[in-house]
Amino acid sequence: MSGTFVGMPAFPKAAHEAVGNTTLRGNLRHATHTIRAKRANAVAEVSDWAELREAGKRIKDHTLRHLDRYLEQVEESVVAAGGVVHWAADADEANRIVTHLVKMTGESEVVKVKSMATQEIGLNEALEAEGIHAYETDLAELIVQLGKDRPSHILVPAIHRNRGEIRDIFAREMGEWGRPAPEGLTDTPAELAEAARLHLREKFLRAKVGISGANFIVADTGTLVVVESEGNGRMCLTLPETLISVVGIEKIVPTWRDLEVFLQTLPRSSTAERMNPYTSTWTGTTDGDGPSTFHLVLLDNGRTDTLADEVGRQALRCIRCSACLNVCPVYERAGGHAYGSVYPGPIGAILSPQLRGTQSEIDASLPYASSLCGACYEVCPVAIDIPEVLVHLRERVVEGGPVTREGNRVVLKPAKGHATERAAMRAARWALGRPGALRTGQRLASRTRRLHPRALPGPGKAWSGTRDLPAVPAEPFRDWWQRTRGGKDGGQ
Amino acid sequence: MNSRERILGRVRRALADVPGDEASYERAVARDYLREHGERTVEQTVDLLAENLADYRAIVHRCTADDLAATVAGILSARGTRTVLVPPGLDPGWLAAVEGAERVADRAESTPHELDGVDSVVTGCAVAIAETGTIVLDGGPDQGRRRVTLVPDHHICVVRVPEQVVSSVPQALERLDPVRPLTWISGPSATSDIELDRVEGVHGPRTLEVVLVGEV
Ligand code: SF4
């Protein structure tokens, strides 16, 4: 998988650096705590949260277990509605397809609405290499792009920047990209948003090509759904003549009715709102309204390999709400960049090593970037048992075994003695050496426990939720810990 | 082998463990959740809509059908609107009392730049959801194509109560046609990207005014 952050240090080193940055820590702490409390209120408003969560889980599981059938159905419905469907086995192929489609229009710039999939494949860089400028239009993505930075949160990618830093970036960089920031720009959020509005509007109004992802694809109708706040999504989906949507194959739901579950759970889990300001749905093309050409690029890029793992495949249920990031004590201290991928936090710790494999140091260390406190599982609107998958992946790193890479079954060697094991070891020590961090997670987990029938997921099942500190919970991990205690890294 | 066949082949191999006789979609998906939250009279549902719209900073007006023209005219003049965009199938009566604002039609050949110069837009809606304070547009004749409610900075949306109001998201989806391009709107455009402070208005209309018209 391309689009990884090349040369990224393994999790513990990157996390260590992040913890030393007090501005970053302060920004993160403020942000995650604010949104955590708001989310709990938004969830408490609906009495049937547990049932919605269960339904969401089952819809996604069912779809994944019959994904071949639903992929064919998506293709059929989208084509019937006037769209064109492309299939991309990996990042390079997706980038080639999109670049070709843009070139066919004769345009040299595109507007983009925030999409994890296009970040994952490194689309902007691929387009740039072919002389096509891709403008990010989500406010946070704009901050990241102008700041020549990387996103650090799924939902609030510039969560690591405070208003003063954002003002400086706008004042310095906007002129380079188009309309400069107004004279005398201050750091009030309203003024900063106004500057972004003016800067981007000229791009929206002249754009001929829009690029998006999608939160959902409905198989029986061929409808795509984009959930957003600012209206930049509506601009990108509506004003251009050509729309290209790059969507992971796990985003499918079988029927229109299924949206009744996710349009209730997603906004409350992500922005802690009853409903996000704007949701757009479109089915192919509509005469006289919106783009006249619509392309859907269905992206694999490691998803089918993830699907082949009976324990790990549940990660594909993820609807990218980011609730698990906001409750994670490790994320709160390490920040998003330490995870070395576009998917940070607990979901990143289980998704990146599956999409990319565990051969690199960073990917081998990610399953250890957790204290297994279970708070992520508690808040997840599709009930992904993240601790269970983490333990499963740790076992794979340490003991090796059969995995699927690019569609082929291969047998991984145990990591013992390798650089990857040392990286994993340091990550474990980093996460477990912070009892304060763990207690926060525990308290939160118990606060929301009443919402869920089960005490703790996966590895937590064995031990009681009343303990203050998590013990090292699962057999394979303990084996590993004992074998390596006092090893060359001096772990304890 | 092309990528379509490659991906489908990988999916099928990945799912070798899934038994052929697994429960059907209908059986596999438990729908034990509620169709709506709580019991309300029609009046209470409309009140809840008004409350939730206002909670997300839409400006809410309520009037009878007889007062609609005066209400719309009042909103436009208070705003100082000089040009107002009118979808092709909007009931002309809604704008009958408007004075001093020029009516602009959205023609297929108008450019987004031209729409950018228009002050306000008046539309109807397809359905409104009380529990979430959401209005849904489906591009019907009284709503126009999607861009008319996107580019101008001021959107006035008329909701006929109680006919167009449902309680919940599940009830709204039942009423909507997936083939039509839909826009779900809950308050004006907003962002929380700067230190999670909610700021109204980035790219969509920064002012959303909803007129609930009817005898309720
Ligand atoms: S894993 Fe669950 S909580 Fe985390 S982003 Fe995905 S859906 Fe949300």
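Since this is a predicted model, take the numbers as computed values, not measurements. Here is how names work: the chains are called A, B, and so on, in the same order as the sequence lines, proteins then strands, and each is numbered from 1.
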- Return yes if some donor-acceptor pair links the side-chain N/O of B:E22 with the main-chain N/O of B:V18 below 3.5 Å, else return no. no
- Considering only heavy atoms, which portion of A:A89 lies under 4.5 Å from any heavy atom of chain B: side chain, backbone, both, or neither? both
- Do you know which of B:R147, B:Q171, B:H113 has the most heavy-atom pairs with chain A at a distance under 4.5 angstrom? B:H113
- Relative to chain A, which segment of B:T183 carries a heavy atom at a distance below 4.5 Å: side chain, backbone, both, or neither? both
- I would like to know whether A:H62 and A:Y70 meet ring-ring contact (aromatic ring centres under 6.0 Å, His included); could you show each step before the answer? CA-CA 10 Å; A:H62 168 82; A:Y70 287 116; 5.6 Å; yes
- Note on the structure: One option among A:G231, A:P254, A:S229 has the most heavy-atom pairs under 4.5 Å with chain B, and it is A:S229
- Have B:H37 and A:D48 got a donor and an acceptor in their side chains that come within less than 3.5 Å? yes
- Sort A:E230 into side chain, backbone, both or neither according to what part of it lies under 4.5 angstrom from a heavy atom of chain B. both
- Query: Among A:I143, A:L139, A:T223, which has the most heavy-atom pairs under 4.5 Å with chain B?
  - Reply: A:L139
- Checking heavy atoms, do the side chain of B:V151, its backbone, both or neither come under 4.5 Å from chain A? both
- Query: Are B:Y33 and A:E54 close enough that a side-chain donor and a side-chain acceptor fall under 3.5 Å?
  - Reply: no
- Query: Testing B:T207, B:L85, B:T149, B:V210 for side-chain contact (heavy atoms from CB on, under 4.5 Å) with B:H155, which one passes?
  - Reply: B:T149
- Task: Please state whether the side chain, the backbone, both or neither of A:H86 comes within less than 4.5 Å of a heavy atom of chain B.
- Result: neither
- Task: Answer yes if the side chains of A:T279 and A:N276 hold a donor-acceptor pair under 3.5 Å, and no otherwise.
- Result: yes
- In terms of heavy-atom pairs under 4.5 Å, which option from B:V179, B:V29, B:L15, B:I185 contacts chain A the most? B:L15
- Query: Heavy-atom distance under 4.5 Å to chain B: side chain of A:S47, backbone, both or neither?
  - Reply: both
- Message: Quick one: does any side-chain atom of A:E72 pair with a main-chain N or O of A:R69 as donor and acceptor, under 3.5 Å?
- Response: no
- Message: Does any backbone or side-chain atom of A:T286 lie under 4.5 Å from a heavy atom of chain B? Answer side chain, backbone, both or neither.
- Response: side chain
- Message: Heavy-atom pairs under 4.5 Å with chain B - which of A:T238, A:D309, A:N408 has more of them than the others?
- Response: A:T238
- Task: Sort A:L71 into side chain, backbone, both or neither according to what part of it lies under 4.5 angstrom from a heavy atom of chain B.
- Result: side chain
- Query: Is it the side chain or the backbone of A:E93 that comes within 4.5 Å of chain B heavy atoms, both, or neither?
  - Reply: side chain
- Message: Keeping A:K114 on the side-chain end and A:G233 on the backbone end, is there a donor-acceptor pair under 3.5 Å?
- Response: no
- chain B contact via A:R234 - which portion, at a heavy-atom distance below 4.5 Å: both
- Note on the structure: The interface call for B:R35 against chain A, heavy-atom contacts under 4.5 Å, is side chain
- Query: Looking at B:G38, B:P112, B:S189, which one has more heavy-atom pairs under 4.5 Å with chain A than the rest?
  - Reply: B:S189
- Per-residue contact mode, A:R313 against chain B (heavy atom under 4.5 angstrom): side chain
- Which residues satisfy the side chain to side chain contact (heavy atoms under 4.5 Å, CB included) test with B:T45, sequence neighbours excluded? B:R40, B:A130, B:V165, B:S167
- Message: Please classify the contact of A:L239 with chain B as side chain, backbone, both or neither, using a heavy-atom distance under 4.5 Å.
- Response: side chain
- Side chain from CB out, backbone as N, CA, C, O: work out which of these in A:T221 comes under 4.5 Å of a heavy atom of chain B, or both, or neither. side chain
- Task: Using modelled atom types only, decide if a donor and an acceptor are shared between the side chain of A:R161 and the backbone of A:I166 within a distance under 3.5 Å.
- Result: no
- With chain A, which of B:A108, B:A30, B:G187, B:A23 has the greatest number of heavy-atom pairs at distances under 4.5 Å? B:A30
- Task: Find the one option among A:T404, A:D305, A:T255 whose heavy-atom pairs under 4.5 Å with chain B are most numerous.
- Result: A:T255
- Query: Which residue pairs pass the salt bridge (Lys or Arg N to Asp or Glu O under 4.0 Å) test with at least one member in residues 44-60 of chain B, sequence neighbours excluded?
  - Reply: A:R274-B:D55, B:D47-B:R62, B:R57-B:E200
- Atom group of B:L176 that falls short of 4.5 Å from chain A, counting heavy atoms: both
- Item | Residues B:R145 and A:D289 bridged, charged N to O under 4.0 Å | no
- Under 3.5 Å, is there a donor-acceptor pair between the B:Y25 and B:R27 side chains? no
- Message: Taking side chain as everything from C-beta outward and backbone as N, CA, C, O, which of these in B:P205 sits under 4.5 Å from a heavy atom of chain A? Side chain, backbone, both or neither.
- Response: both
- Query: Are the side chain of B:E209 and the backbone of B:I59 linked by a donor-acceptor contact shorter than 3.5 Å?
  - Reply: no
- Counting only N and O atoms by type, is there a donor-acceptor contact under 3.5 Å from the side chain of A:D220 to the main-chain atoms of A:W256? yes
- A:T137 versus chain B, the contacting section by heavy-atom distance below 4.5 Å: backbone
- Note on the structure: If one checks every heavy atom of A:E228 against chain B at 4.5 Å, the contacting part turns out to be neither
- Strictly by modelled atom types, are A:E75 and A:W87 linked by a side-chain donor-acceptor pair under 3.5 Å? yes
- Query: Looking at B:D32, B:T111, B:L8, which makes the most heavy-atom pairs under 4.5 Å with chain A?
  - Reply: B:L8
